[in-house]
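Before any comments, here is the structure.
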Amino acid sequence: MPYDGRGPDMKRRRFDDDNPRGRRGRGRGRGRPDRLGRRDDVMEEAESSQTRQKRERALPSRVIQIGQAEELTEDDIRSALEVFGEIRGVVSPSRDIFLVEFSSLERSVFFINHIDSHGFLIRFISPDLNYGPAQDLPSAMATFTSKSNTSGANHVLEVNVLKPMYPITTEVLHTIASPHGRVSRIVIHNKTEEKIESLIEFDSVMSAESCKDAINGADIYAGCCTLDVKFSKAQSLNVFKNDDDTFDYTDVNPAIAASNRKRESQGPSDDNYGDRGHDMGRGPGRPRRGDRNLDRSRDGPRGDMGPGPGGPPAVLMVHGLDTTMNPNRLFNLFCMYGDVNKIKFLMTKKGIAMVEMKNSRGADNVLNHLNRIKVLGSQMSISPSKHREVVIYTNNAPGILEDGSENVQVFINSRFLRYSTEKRAAKNRLVDPTKILHFFALPLEVDEDFVLKLLEDKGCPTPTSISMHKSEVCSAGLLEFDSTEEAVDTAAIANHLNGTHKGIKYLLKIAFTGKKSMPVENYEESRPAAGSKAKSKKEDDDEESSNTSRNFND
């Protein structure tokens with residue numbers, strides 16, 4: 001069968017000269033959903049980039065070389081390319097390059113022909129795509145290794161810090177270098193007012209090359225502490241103690257193995273270098289990028305934030321937030337669609353927050369249901385971030401927002417996470433916000449007036465009607481508002497309110513129902529199951545009164 005320009009299970013996408021965005025325009029067309037309203041812009045950029053690559057194709061090979069891929073993982077590469085044919089292996093000779101070997105030359109040629117015709121994105125990223133330098137992965141890897149050996153590269157770097165206005169320690173250097181490979185040892189051997197001289201030993205030449213290419217000429221802090229990096233002739237570094245000037249990050253030396261283990265037992269520090277283009281302030285402990293961005297995504301330990309069933313952690317950028325919004329209120333909305341790890345409001349850019357979701361599935365849910373909704377008077381715009389995590393500086397005091405709350409909150413161990421187990425996740429409904437809210441988890445002793453008074457005290461919009469029922473374990477019900485905006489505001493403010501009522505602890509949980517009007521009949525779950533023990537007349541009267549709806553517009 002002749003090649004028709006389509007991959008397995010993929011539909012042809014045609015681009016006309018007069019309409020480079022495609023025949024369906026900017027709307028939600030076929031293929032990947034246009035969650036951000038900018039998929040076509042990204043595709044157009046990808047096509048122009050990959051059109052340039054067409055003129056520079058190497059000789060056909062089973063191996064595909066993917067460049068400018070520092071934001072991607074092996075799983076991203078494999079899942080994106082396996083639809084084009086069987087993949088024998090994926091390796092990464094450097095931090096921003098992947099090599100992928102297809103099972104046959106036909107499949108790799110098929111893939112290259114497809115991207116030449118249609119463009120190609122991986123997680124909204126347009127990488128450099130070309131044939132590899134050899135016909136199989138071992139030969140391709142050998143080619144990269146030989147290039148490193150002939151270029152005078154070494155696994156030890158000489159790193160000079162020019163204009164050192166702030167203290168430079170092994171921890172600072174390790175934070176800068178570790179995103180590019182595994183660091184074995186660091187030695188700071190000379191400090192003057194003009195520069196600080198140090199050596200950084202990596203576990204491989206490729207890691208050292210990647211680090212040199214990424215950080216040479218960059219500033220650790222804005223306008224100072226410029227990095228001058230070159231390969232050293234030293235083959236190994238000797239470290240006899242772990243302190244601010246020397247550090248061994250391996251357990252090869254038994255004299256300092258115990259010190260290493262003690263450091264590791266304290267867990268990974270959140271005081272990591274850089275914030276991927278966001279101003280983190282000046283001064284020691286708060287590095288900020290200068291003319292170049294050193295903060296490549298890291299693959300270090302993540303603890304409870306590690307990859308789960310929904311994929312690795314994913315970071316979202318949230319713009320257009322009102323000054324009355326804070327991390328807890330944003331969590332109250334986002335938690336309905338996925339578990340939240342951390343939220344950080346930027347102090348230098350008002351109305352912008354970074355939200356780290358536990359996995360990409362939760363991030364997709366948030367994008368699909370909360371993007372461009374109006375909350376607290378402002379339209380909230382959500383988009384994926386290039387970051388792989390939200391960096392929090394634990395050795396600095398948090399910023400204070402206009403409402404007096406802290407700009408950073410960690411929710412990893414929050415008891416309000418609704419997707420932490422399969423059983424909890426199954427209870428959630430993924431629906432768009434509407435003007436009807438479902439509230440639950442209140443104690444049996446409370447009534448409708450208590451709920452209304454609680455909302456009033458917190459400054460929430462007044463509902464137009466309320467319907468309440470009591471199950472065997474808690475009180476629950478529905479709240480109807482004049483508009484979806486009022487319902488969203490109430491969810492942001494009142495979700496997870498807790499306290500004490502008449503000596504009894506209470507907790508108010510809220511969820512969106514997806515309903516557009518209040519149901520006529522009462523909840524089915526409030527009715528006794530068939531064959532259950534009959535209640536007394538008094539209990540029936542109480543339940544009947546508790547299931548009645550009150551409409552404040554009557």
Side-chain angles (χ1 to χ4, degrees), residues 95 154-203 207-234 236-250 253 256 259-260 262-264 266 268-296 298 300 391-397:
R95 190 164 185 86
N154 189 18
H155 69 292
V156 180
L157 294 179
E158 181 179 327
V159 181
N160 296 323
V161 183
L162 310 180
K163 299 182 293 182
M165 295 179 60
Y166 299 113
I168 302 298
T169 65
T170 53
E171 184 172 3
V172 172
L173 294 177
H174 182 267
T175 304
I176 295 170
S178 59
H180 310 285
R182 181 172 297 178
V183 177
S184 298
R185 299 168 187 86
I186 296 178
V187 173
I188 300 176
H189 57 85
N190 188 25
K191 294 182 179 181
T192 66
E193 293 184 358
E194 289 77 22
K195 69 176 179 178
I196 294 176
E197 299 177 2
S198 67
L199 296 171
I200 301 178
E201 179 183 345
F202 286 88
D203 65 337
S207 295
E209 277 188 311
S210 176
C211 182
K212 178 179 179 296
D213 292 341
I215 71 174
N216 187 30
D219 295 340
I220 301 179
Y221 303 97
C224 65
C225 300
T226 303
L227 295 168
D228 178 25
V229 185
K230 55 187 177 182
F231 293 112
S232 172
K233 295 182 179 180
S236 63
L237 303 180
N238 295 322
V239 175
F240 301 99
K241 63 177 180 178
N242 288 344
D243 56 20
D244 288 343
D245 292 330
T246 62
F247 213 105
D248 189 336
Y249 297 92
T250 71
N253 188 341
I256 58 176
S259 177
N260 279 343
K262 180 179 179 182
R263 176 185 176 89
E264 292 171 359
Q266 297 173 350
S269 171
D270 280 327
D271 185 19
N272 292 310
Y273 174 80
D275 197 18
R276 306 295 297 266
H278 296 288
D279 186 357
M280 295 306 302
R282 302 174 183 267
R286 302 182 67 120
R288 189 181 76 175
R289 72 166 186 164
D291 295 333
R292 294 179 51 195
N293 182 7
L294 306 187
D295 180 30
R296 305 286 182 177
R298 292 166 297 140
V391 179
I392 297 177
Y393 295 96
T394 55
N395 63 337
N396 290 278

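All values below were derived from every heavy atom in this structure, side-chain atoms included, with hydrogens, water molecules and symmetry-related copies excluded.
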Any heavy-atom pair between the side chains of Phe231 and Val156 that's under 4.5 Å? no
Return the minimal non-hydrogen interatomic distance between Lys212 and Lys230, and the atom names on each side. CE-CA, 3.8 Å
Do Ile176 and Ile200 have side chains that get closer than 4.5 Å, going by heavy atoms? no
Side chains of Asp228 and Asn216: does their closest heavy-atom pair fall under 4.5 Å? yes
Centroid separation Tyr249 to His174 less than 6.0 Å: yes
Mind listing the closest non-hydrogen atom pair of Pro179 and Thr175 along with its distance? CD-O, 3.2 Å
State, yes or no, whether a side-chain contact exists between Thr246 and Phe240 at a heavy-atom distance under 4.5 Å. no
Of all heavy-atom pairs linking Glu193 and Pro164, the shortest is O-CD, 3.5 Å
Using the test side chain to side chain contact (heavy atoms under 4.5 Å, CB included), find all partners of Lys191 that sit at least two apart in sequence or belong to another chain. Ile188, Ile196, Asp245
Test side-chain hydrogen bond (donor to acceptor under 3.5 Å, both in side chains) on Thr226 and Asp219 and set out the steps. CA-CA 4 Å; Thr226 303; Asp219 295 340; 2.7 Å; yes
Going by heavy atoms in the side chains, are Ser198 and Leu173 under 4.5 Å from each other? yes
Would you say the side chain of Asn154 lies within less than 4.5 Å of the side chain of Lys233, judging by non-hydrogen atoms? no
